[in-house]
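Read through the structure below, which is laid out as structure tokens, and then see the notes.
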Amino acid sequence: MESRNPAFRGNAFDQRAGGYGAQPYGGAAYAAPGYALAATRPMTMDDVVVRGFLTLVTLMITAALAWALVPTSLAAPVLVVALIAEIGIWAFIAFGRKANAATVLAFAAVYGVVVGLISHSYNDIYHGVVFQAVVGTALAFGATLAVYALRIVRVTPKFARFVMAAGLALIGLMIVNLVVHLFGGDHGIGIRDPGSPLAYVFSVAAILVGCFFLLLDFDAVETGVRTGAPEKFAWYCAFGLVLSLVWIYLEILRLLSYFSGRD
């Protein structure tokens with residue numbers, strides 16, 4: 001059985017005589033004997049729920065600490081350091097295929113600092129927007145879960161390719177916008193300019209793509225449980241779910257700021 005999430009494609013969900021399949025999360029991560037079925041129990045839905053909860057709580061705790069303890073004068077340098085650390089740990093997990101309690105929770109802790117500092121910055125300018133974004137993210141999660149459970153949208157290989165292409169396109173536009181801004185364009189190409197209709201369209205598209213990534217995450221979880229993925233695969237699922245949720249939260253936060261008056 002093969003997951004529709006491109007991050008877990010390949011032979012990751014093939015059960016074989018000698019043990020679990022060979023390529024979850026984009027490569028041969030579970031080919032090692034230590035992940036054979038004889039050495040570990042299969043992943044359950046409870047495993048994903050518990051690990052996802054721990055990951056999200058870790059992120060929320062460090063976000064709250066960063067909000068409360070990092071002074072405004074140090075926010076920028078701390079944010080830069082946290083972003084660099086976040087990218088490094090993300091790459092280690094994604095490309096080194098090293099998702100476990102230590103790496104995923106470390107990623108969540110560092111990512112929480114980033115989220116906390118960004119949220120504090122927005123809330124200082126647009127009072128109350130963070131709470132609204134949290135509520136919006138929870139609603140988006142619930143709606144996406146319902147869409148998946150009711151099979152309103154079916155996760156197919158074609159759908160997964162579309163989501164990956166859309167995600168890469170959005171990231172590409174963000175990079176272009178940043179480069180243009182750094183080289184003299186006050187508002188880049190307009191996708192982050194509150195005065196441009198393009199910014200609203202971009203944020204809505206980004207939120208939708210974040211929800212589509214959640215659909216891929218749900219499919220990866222369901223497929224992993226159904227095909228007997230090893231217990232440690234639950235950390236990959238938690239990692240993916242938190243990435244998608246934070247993507248949605250940050251885009252909702254930005255979109256709401258366009259409609260909020262400055263305090």
- With a cut-off of 6.0 Å (strictly less than), are more than 12 heavy atoms of other residues, nucleotides or ligands near CE of M174? yes
Is L59 reachable from F131 through a run of hydrophobic residues whose side-chain heavy atoms are each under 4.5 Å from the next? no
Item to check | Single-linkage hydrophobic cluster, 4.5 Å side-chain cutoff, L139 and L215 together | outcome: no
- Query: Going hydrophobic residue to hydrophobic residue with side-chain gaps under 4.5 angstrom, can you get from I175 over to I87?
  - Reply: no
* Look at the rings of F213 and W247 and say which category their plane angle falls in: under 30° parallel, 30 to 60° tilted, over 60° perpendicular. => tilted
When rounded to the nearest 0.5 Å, the distance separating CZ of R51 from CG of L56 is 15.5 Å
Greater than 12 external heavy atoms within 6.0 Å of Y200's OH | yes
Next on the checklist: Can you tell me how the ring of Y148 sits relative to the ring of F218, calling it parallel under 30°, perpendicular over 60° and tilted otherwise?
Outcome noted: tilted
*Trace of the ring-ring contact (aromatic ring centres under 6.0 Å, His included) decision for Y126 with Y258*: CA-CA 9 Å; Y126 312 102; Y258 297 157; 8.7 Å; no
Scanning both residues in full, the closest heavy-atom pair of V48 with C237 reads CG1-CB, 4.1 Å
Interatomic distance, OG1@T62 vs OH@Y111, rounded to 0.5 Å, equals 11.5 Å
To the nearest 0.5 Å, atom CD1 of I89 lies from atom CG of L105 at 10.5 Å
Are V130 and L65 co-members of a hydrophobic cluster defined by side-chain heavy atoms under 4.5 Å apart? no
From the list Y236, F239, F92, W235, ring-ring contact (aromatic ring centres under 6.0 Å, His included) partner of F107 resolves to F239
When rounded to the nearest 0.5 Å, the distance separating CG of L208 from OG1 of T144 is 9.0 Å
Checklist entry - Using the benzene-type ring in the case of Trp, are the ring centres of F212 and F159 under 6.0 Å apart? => result yes
Answer yes if L168 and I189 sit in the same cluster of Ile, Leu, Val, Met, Phe, Trp and Tyr residues linked by side chain heavy atoms under 4.5 Å apart, and no otherwise.
no
Interatomic distance, CD@E251 vs CG@L256, rounded to 0.5 Å, equals 11.0 Å
Tightest non-hydrogen contact, residues S244 and L214, listed as CB-CD2, 3.7 Å
Distance col, row L255:CG vs I252:CD1, nearest 0.5 angstrom, shows 8.0 Å
More than 12 foreign heavy atoms under 6.0 Å from NE2 of H181: is that the case here?
no
